[in-house]
Q: 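Pasting a structure below so you can have a look.
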Amino acid sequence: MKINKTLEDKDVIVLYKYLCEYESCLKNEYGQFNIYDEKIKKFKNDNELYLGSINRKDDKKRAVKSNNFLLWKEGSLKSKKSSVDRAHALLRRIRNAFAHGNLIDNQNGKFHLKDADDNGPTLDGILSYSLLYQLIEELKKTNNKY
């Protein structure tokens with residue numbers, strides 16, 4: 001796995017555990033998470049975290065103005081009328097960034113996450129170490145099994 005800036009051992013362990021949890025538990029829970037949950041809205045506001053679509057120009061403009069942001073392929077939060085489980089998609093994109101060696105330690109207290117598939121970018125974001133771990137936990141809590 002190529003990592004541009006080496007992750008600290010503690011981060012490798014936490015992220016490896018998440019990768020294993022995703023593969024063994026979360027992967028098959030599509031449709032069971034809710035990014036529109038009031039606790040997620042409060043979490044975003046309290047932490048000044050911007051979440052949006054990597055495909056929307058407006059989201060990209062807003063994201064770069066934020067200290068912490070994640071943009072992902074299925075991230076458009078404009079319309080709740082969708083069969084897309086955006087929270088699960090984000091959990092998958094975070095997993096992919098780590099598994100593909102695209103989760104980079106900026107060594108300034110933040111991670112840079114990015115990933116792509118054959119059709120282009122699927123994830124881009126910068127957020128603090130602790131905020132990434134907290135976000136994963138908050139997203140998981142929107143599924144009643146966790």
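Because only heavy atoms are used, hydrogens play no part in the values below, and waters and symmetry mates are left out as well, while side chains stay in.
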Q: Yes or no on side chain to side chain contact (heavy atoms under 4.5 Å, CB included) for Y18 and L91, after CA distance, side-chain angles and deciding distance?
A: CA-CA 10 Å; Y18 170 65; L91 290 167; 3.3 Å; yes
Q: Any heavy-atom pair between the side chains of Y36 and T142 that's under 4.5 Å?
A: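 The answer is no; the side chains never approach within 4.5 Å.
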Q: Checking the side chain of H88 only, and the main-chain atoms of L26 only, is there a donor and an acceptor separated by less than 3.5 Å?
A: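 Side chain of H88 to backbone of L26: a pair is present.
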Q: With the 4.5 Å side-chain cut-off for hydrophobic clustering, are L113 and L7 part of the same group?
A: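 Yes, same cluster.
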Q: Report the C-alpha distance between E74 and R93 in whole Å, list the side-chain angles of each, state the deciding distance to 0.1 Å, and finish with yes or no for side chain to side chain contact (heavy atoms under 4.5 Å, CB included).
A: CA-CA 10 Å; E74 306 83 359; R93 297 299 180 190; 2.6 Å; yes
Q: Can you tell me how far CG of L132 sits from CD of Q134, rounded to the nearest 0.5 angstrom?
A: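 Atom-to-atom, Q134:CD and L132:CG are 9.5 Å apart.
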Q: When clusters are formed by joining ILVMFWY residues with side-chain heavy atoms under 4.5 Å apart, either directly or through shared neighbours, do L127 and Y50 land in the same one?
A: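 No, L127 and Y50 fall in different hydrophobic clusters.
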Q: With heavy-atom distances below 4.5 Å as the criterion, would you say the side chains of I40 and L139 are in contact?
A: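 Yes, their side chains come closer than 4.5 Å.
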Q: Which pairs with one or both residues in residues 108-130 pass ring-ring contact (aromatic ring centres under 6.0 Å, His included), sequence neighbours excluded?
A: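 Sorted pair list: F111-Y129.
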Q: Shared ILVMFWY cluster between F43 and I35, side chains joined below 4.5 angstrom?
A: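 Hydrophobic grouping puts F43 with I35.
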Q: Between L51 and R86, is there a side-chain heavy-atom distance shorter than 4.5 Å?
A: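 When only atoms from C-beta onward are counted, L51 and R86 do not touch, as no gap falls below 4.5 Å.
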Q: Using a 4.5 Å cut-off between side-chain heavy atoms of Ile, Leu, Val, Met, Phe, Trp and Tyr, which other residues end up in the same hydrophobic cluster as V84?
A: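 ILVMFWY cluster around V84 also holds Y30.
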Q: In the structure I gave you, are the side-chain heavy atoms of L90 and L70 within less than 4.5 Å of one another anywhere?
A: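 L90 vs L70: side chains touch.
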Q: Compare all side-chain heavy atoms of K27 with those of R95 and state whether any distance is below 4.5 angstrom.
A: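 Heavy-atom side-chain distance check fails, nothing below 4.5 Å.
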Q: Please give me the minimum heavy-atom distance between T122 and A116, naming the atom from each residue.
A: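 Reported closest heavy-atom pair: OG1-N, 3.5 Å.
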Q: Run E29 and D85 through side chain to side chain contact (heavy atoms under 4.5 Å, CB included) and show every step you take.
A: CA-CA 10 Å; E29 291 292 311; D85 183 341; over 6 Å; no
Q: Are F69 and L123 co-members of a hydrophobic cluster defined by side-chain heavy atoms under 4.5 Å apart?
A: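 Unlinked, L123 and F69 end up in two clusters.
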Q: Between K60 and K57, is the side chain to side chain contact (heavy atoms under 4.5 Å, CB included) condition met? List the steps.
A: CA-CA 5 Å; K60 289 179 184 180; K57 289 180 184 177; 5.5 Å; no
Q: Ignoring hydrogens, what is the shortest heavy-atom contact between S53 and L71? Give both atom names and the distance.
A: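 For S53 and L71, the tightest heavy-atom pair comes out as O-CD2, 3.9 Å.
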Q: In plain terms, say whether K141 and D37 are close enough for a salt bridge, that is, a side-chain N and a carboxylate O under 4.0 Å apart.
A: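 No salt bridge links K141 with D37.
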Q: Below 4.5 Å, heavy atoms only, C-beta onward: do N68 and E48 meet side chain to side chain?
A: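 A side-chain contact under 4.5 Å is absent here.
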Q: Under 4.5 Å between side-chain heavy atoms, hopping through other hydrophobics if needed: is there a path connecting V12 to Y133?
A: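 Same cluster: V12 reaches Y133 through Ile, Leu, Val, Met, Phe, Trp or Tyr contacts under 4.5 Å.
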Q: Do L135 and N47 make a side-chain contact, defined as non-hydrogen atoms from C-beta onward lying under 4.5 Å apart?
A: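 A side-chain contact is absent here, since even the closest heavy-atom pair is not under 4.5 Å.
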Q: With the side chain counted from C-beta on, respond yes when W72 and I94 share a heavy-atom pair under 4.5 Å apart, and no when they do not.
A: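 No, side chains not in contact.
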Q: Give a yes or no answer on whether the side chain of N106 reaches the backbone of N108 with a donor-acceptor pair at less than 3.5 Å.
A: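 No: the side chain of N106 does not pair with the backbone of N108.
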Q: Any donor-acceptor pair under 3.5 Å linking the side chain of K73 with the backbone of A89?
A: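 The answer is no, because no donor-acceptor pair under 3.5 Å joins these two groups.
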